[in-house]
Colleague: 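Have a look at the structure that comes next, please.
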2 protein chains.
Amino acid sequence: MSCETDTIETVRNSDQRMTPQRLLVLSAIRHSGEHININQIHAQVKKAYPIINISTIYRNVAVLKELRLISETYKTDGETLYEWIGDHTHMHMMCRDCNDMIEIDDKYLDSFKKDIRDDFGFNIDIDHLAISGLCKPCKQLEQVGYDN
Amino acid sequence: MSCETDTIETVRNSDQRMTPQRLLVLSAIRHSGEHININQIHAQVKKAYPIINISTIYRNVAVLKELRLISETYKTDGETLYEWIGDHTHMHMMCRDCNDMIEIDDKYLDSFKKDIRDDFGFNIDIDHLAISGLCKPCKQLEQVGYDN
DNA sequence: TTTGCACCTGCATTTTTTTGCAATAAGCAT
DNA sequence: ATGCTTATTGCAAAAAAATGCAGGTGCAAA
Ligand SMILES: [Mn+2]
Ligand SMILES: [Mn+2]
Ligand SMILES: [Zn+2]
Ligand SMILES: [Zn+2]
């Protein structure tokens, strides 16, 4: 795993240790398509290390989240997803009706982010932003009165 | 509970029923200060109806959330909070270090919301918006290098 | 009022997530 | 290399959340 060198440093520089288990969890998330849940991480890690316990997955995900190497997203349908935070910074819009998630460039947040920082001193984490609402098709269905 | 008449109508108009248990859950959330968790709701409802089961709380909270009468917020420290959605629409900024939550007027979101609707047709739910980041004091501590 | 049906509840159980603990091992300093 | 300190792991057990089911009940239509 040569592409993880700087990540390994990040972990080590924070009084945490880089174990084989932790590296496998980290790689599973990093090299998954994009979003991955706990069971998928567990299944993936098991391929290389079958004895690993699910609690180790939970605990490592918590550590990586704390270090802001990964993000945690609660989907509108209840599923919790993890994602690698690299240089591809973006946010998500999640539809509360069809549960679809679309990816949105974080440039859309620039002005809002600035206002909040200027007026409150609060610094928004764009990497951890998932916003719920109604997507275009679902909104149209609602207006036709097709649903409620 | 005379102040719940329109709420009762909302529930009844959606092919769901208004049971005493549901009304108690609803009132507990509505009349709590602002944010309340599952156990607090359970404790509150028990005062009037001691036999109620915790699973009834979980199920009713899910229904009220689906009807958009209440919002569900995952705090940065893991706690899940519920809140009545009335006319006092607002959003929250949650600090990932000190877990403090500040309330912010939704006017700050107007421009962002419009951009997203114009460009993607996606309609953001302001009532369900809680954004994580670093609050002012925590940001200052970080810059001094006091923490990491 | 009475009836009927779909929704709800309580309870038991299952599933998911968290936690305590003793053994192990990472990483720093000899 | 070797030894120390302390984070981390696997396992078991606890706690939290979700679910199946049989009986109960809201409520709309007679
Ligand atoms: Mn993403
Ligand atoms: Mn609030
Ligand atoms: Zn949708
Ligand atoms: Zn803070």
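Please read all numbers here as calculations on a predicted model, not as lab measurements. Here is the naming used below: chain letters follow the sequence lines, and residue numbers restart at 1 for every chain.
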Colleague: When you check the phosphate oxygens OP1 and OP2 of dA26(C), does a side-chain N or O of R12(A) lie under 4.0 Å from one of them?
Modeller: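 False: R12(A) side-chain N/O out of range (4.0 Å or more) of dA26(C) OP1/OP2.
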Colleague: Would you mind reading off the distance between H42(A) atom NE2 and dT9(D) atom C1', rounded to a whole angstrom?
Modeller: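 It is 13 Å, rounded to the nearest whole Å.
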Colleague: Between dG26(D) and R22(B), counting only base atoms on the nucleotide and side-chain atoms on the residue, is there a donor-acceptor pair under 3.5 Å?
Modeller: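 A donor-acceptor contact between them is absent.
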Colleague: Give the nucleotide from the list dG27(C), dC27(D), dT9(D) with an atom nearest to the side chain of N60(A).
Modeller: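 Between dG27(C), dC27(D), dT9(D), the one nearest the side chain of N60(A) would be dT9(D).
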Colleague: Of the nucleotides dG10(C), dC5(C), dA7(D), which has the atom closest to the I51(B) side chain?
Modeller: dG10(C)
Colleague: Whole angstrom is fine here: how far is it from CD1 in I54(B) over to C1' in dT19(D)?
Modeller: 15 Å
Colleague: Have H128(B) and R96(A) got a donor and an acceptor in their side chains that come within less than 3.5 Å?
Modeller: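 No donor-acceptor contact under 3.5 Å links the two side chains.
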Colleague: Atom CG of N37(A) to atom P of dT16(C): distance rounded to whole Å?
Modeller: 11 Å
Colleague: Round to the nearest Å and state the distance from E66(A) atom CD to dA7(D) atom P.
Modeller: 15 Å
Colleague: Indicate, with a heavy-atom threshold strictly under 4.0 Å, whether I52(A) touches base, sugar-phosphate, or nothing.
Modeller: sugar-phosphate
Colleague: How close or far is atom P of dG27(C) from atom CE of M18(A), stated in whole angstroms?
Modeller: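 It is 8 Å, rounded to the nearest whole Å.
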Colleague: Atom CG of N13(B) and atom P of dG26(D): how far apart are they, to the nearest Å?
Modeller: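 Those two atoms, CG and P, are 18 Å apart.
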Colleague: Rounded to whole Å, please give me the gap between CG in D77(B) and C1' in dT18(C).
Modeller: 15 Å
Colleague: Verify side chain to side chain donor-acceptor pair (under 3.5 Å) between H90(A) and E83(A), making sure each step is shown before the conclusion.
Modeller: CA-CA 11 Å; H90(A) 62 277; E83(A) 181 178 25; 3.0 Å; yes
Colleague: Should Y49(A) be listed as having a side-chain N or O under 4.0 Å from OP1 or OP2 of dG10(D)?
Modeller: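 Looking at the OP1 and OP2 atoms of dG10(D), one of them is under 4.0 Å from a side-chain N or O of Y49(A).
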Colleague: Could D118(A) and K114(A) be called an ion pair, given the rule that one side-chain N must be under 4.0 Å from one carboxylate O?
Modeller: yes
Colleague: Starting at the 5' end of DNA chain C, which residue's closest nucleotide do you reach first, T56(B) or R17(B)?
Modeller: R17(B)
Colleague: For the pair made of CD in E79(B) and P in dA16(D), what is the distance, rounded to whole Å?
Modeller: 12 Å
Colleague: Quick one: is dG10(C) close enough that its OP1 or OP2 comes under 4.0 Å of any side-chain N or O from Q21(B)?
Modeller: yes
Colleague: From the set dA16(D), dC11(D), dG10(C), return the single nucleotide nearest to any side-chain atom of R59(A).
Modeller: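 The answer is dC11(D), which lies nearest to the side chain.
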Colleague: Here's a test of your reading of the structure: between Q16(B) and S55(B), which maps to the more 5' nucleotide of DNA chain D?
Modeller: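 Taking each residue's closest nucleotide, the earlier one in sequence belongs to S55(B).
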Colleague: For T7(A) and R30(A), test the side chains for any donor-to-acceptor distance below 3.5 angstrom and give the result as yes or no.
Modeller: yes
Colleague: In terms of side-chain geometry, is the basic nitrogen of D125(A) or R68(A) positioned less than 4.0 Å from the acidic oxygen of its partner?
Modeller: yes
Colleague: Report the residue (T80(B) or T19(B)) whose heavy-atom-nearest nucleotide on DNA chain D is the more 5′ of the two.
Modeller: T80(B)
